Amino acid sequence: MNKNEKFVITINREVGSGGRTVGRKLAEQLGVKYYDKAIVEGLTHKFGLSVERIEQIKAQKKSWWNDINNYYNTLVNSAEKPMEAEVKLDNQTMFDTEKRILQELATQSSCVVAGRTGFMVFREWPNHLNIFIQASMEHRVQRVMSRQQVSEQEARDIIQRMDSSRETYIQKYEDTSRYDTRNYELVISMDDLSEDDAVAIIMDYVERSSK
């Protein structure tokens, strides 16, 4: 990946690994936008989008992506909750819509994308870096217990449920496994690292690959 050209960095992560925080901090250090599930769903709901609706609005209003970006800035800088969708989308339509939104946003400027099967959405992108953030079960349990104020058993249940849900989702829409390391250029274990350590590792990788 060349940081001197428009790029996309995707971060797939295990729940409790700290990958989302790594993504945010990485985007801040690189000076680019950060997108995750909450932000993409917020944009989808705010504008009542489907793939067809995206194409219609783009054809009618050239400044549409400026409106998207303006709302994005509001969403990430406030506690505003997403509005109710103007259209109700089934799972396949939602997947296709979120994929299209991410690809459209990535054509506007460089960005970091956490989750949302980004490693598959941008697999054919000309300038991208796919990263997987993982950690041992003990590390993940402790982090979930601390962040969500739950018992050890509740933390384990949350992790098991989320792991299963995310793997099923990816296999359904992309016919691969999120644990297949061939999907990534960089895999980081967080057991002995802070989020800032992980960001430093990624930045070093980016610097080296940009030479």
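Since the model is a prediction, treat every value here as computed from it, not as a measurement. Starting from 1, each residue takes its place in the sequence as its number.
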Task: Listed partners of Ser151 passing side-chain hydrogen bond (donor to acceptor under 3.5 Å, both in side chains), at least two apart - done: Glu154
TODO: Walk me through it: do Asp204 and Arg208 pass the test salt bridge (charged side-chain N to carboxylate O under 4.0 Å, His left out)?
DONE: CA-CA 6 Å; Asp204 181 67; Arg208 290 172 182 270; 2.8 Å; yes
- [ ] Identify, with sequence neighbours excluded, every residue that meets salt bridge (Lys or Arg N to Asp or Glu O under 4.0 Å) alongside Asp192.
- [x] none
Task: Other residues, nucleotides, ligands: >12 heavy atoms within 6.0 Å of Gln160 CD - done: no
- [ ] Not counting sequence neighbours, which residues clear salt bridge (Lys or Arg N to Asp or Glu O under 4.0 Å) with Glu5? List them please.
- [x] none
Task: Residues which pass side-chain hydrogen bond (donor to acceptor under 3.5 Å, both in side chains) with Ser194, listed by chain and number, not counting sequence neighbours - done: Asp197
Task: Contacts of Glu28 that satisfy side chain to side chain contact (heavy atoms under 4.5 Å, CB included) - sequence neighbours left out - done: none
Open item on the list: Which residues pass the salt bridge (Lys or Arg N to Asp or Glu O under 4.0 Å) test with Asp180, not counting sequence neighbours?
Closed with: Arg182
Open item on the list: Restricting to side chain to side chain contact (heavy atoms under 4.5 Å, CB included), what partner residues turn up for Ser136, sequence neighbours left out?
Closed with: Glu138, His139, Asp191
- [ ] Return the set of residues passing salt bridge (Lys or Arg N to Asp or Glu O under 4.0 Å) with Arg24 (not counting sequence neighbours), or none when no residue passes.
- [x] Asp36
TODO: Any chance you could measure Asn127, atom CG, to Ser110, atom OG, to the nearest 0.5 Å?
DONE: 7.5 Å
TODO: Could you tell me which residues satisfy side chain to side chain contact (heavy atoms under 4.5 Å, CB included) with Thr21, sequence neighbours excluded, listed by chain and number?
DONE: Lys25, Arg143, Arg147, Glu195
Task: Salt bridge present between Glu14 and Arg178 (N-O < 4.0 angstrom) - done: no
Task: Those residues that, when tested against Arg156, pass side chain to side chain contact (heavy atoms under 4.5 Å, CB included) (two or more places apart) - done: Met137, Val141, Glu152, Gln153
Open item on the list: Test of understanding: with side-chain hydrogen bond (donor to acceptor under 3.5 Å, both in side chains), list the residues that count as partners of Ser146, not counting sequence neighbours.
Closed with: none
TODO: Say whether Met203 and Val32 are linked into one hydrophobic cluster, either directly or through other cluster members, by side-chain heavy-atom distances under 4.5 angstrom.
DONE: yes
- [ ] Please examine the side chains of Gln134 and Thr181, heavy atoms only from C-beta on, and report whether any two atoms are closer than 4.5 Å.
- [x] no
TODO: Could you pull out all residues at least two apart from Thr176 that satisfy side-chain hydrogen bond (donor to acceptor under 3.5 Å, both in side chains)?
DONE: Asn183
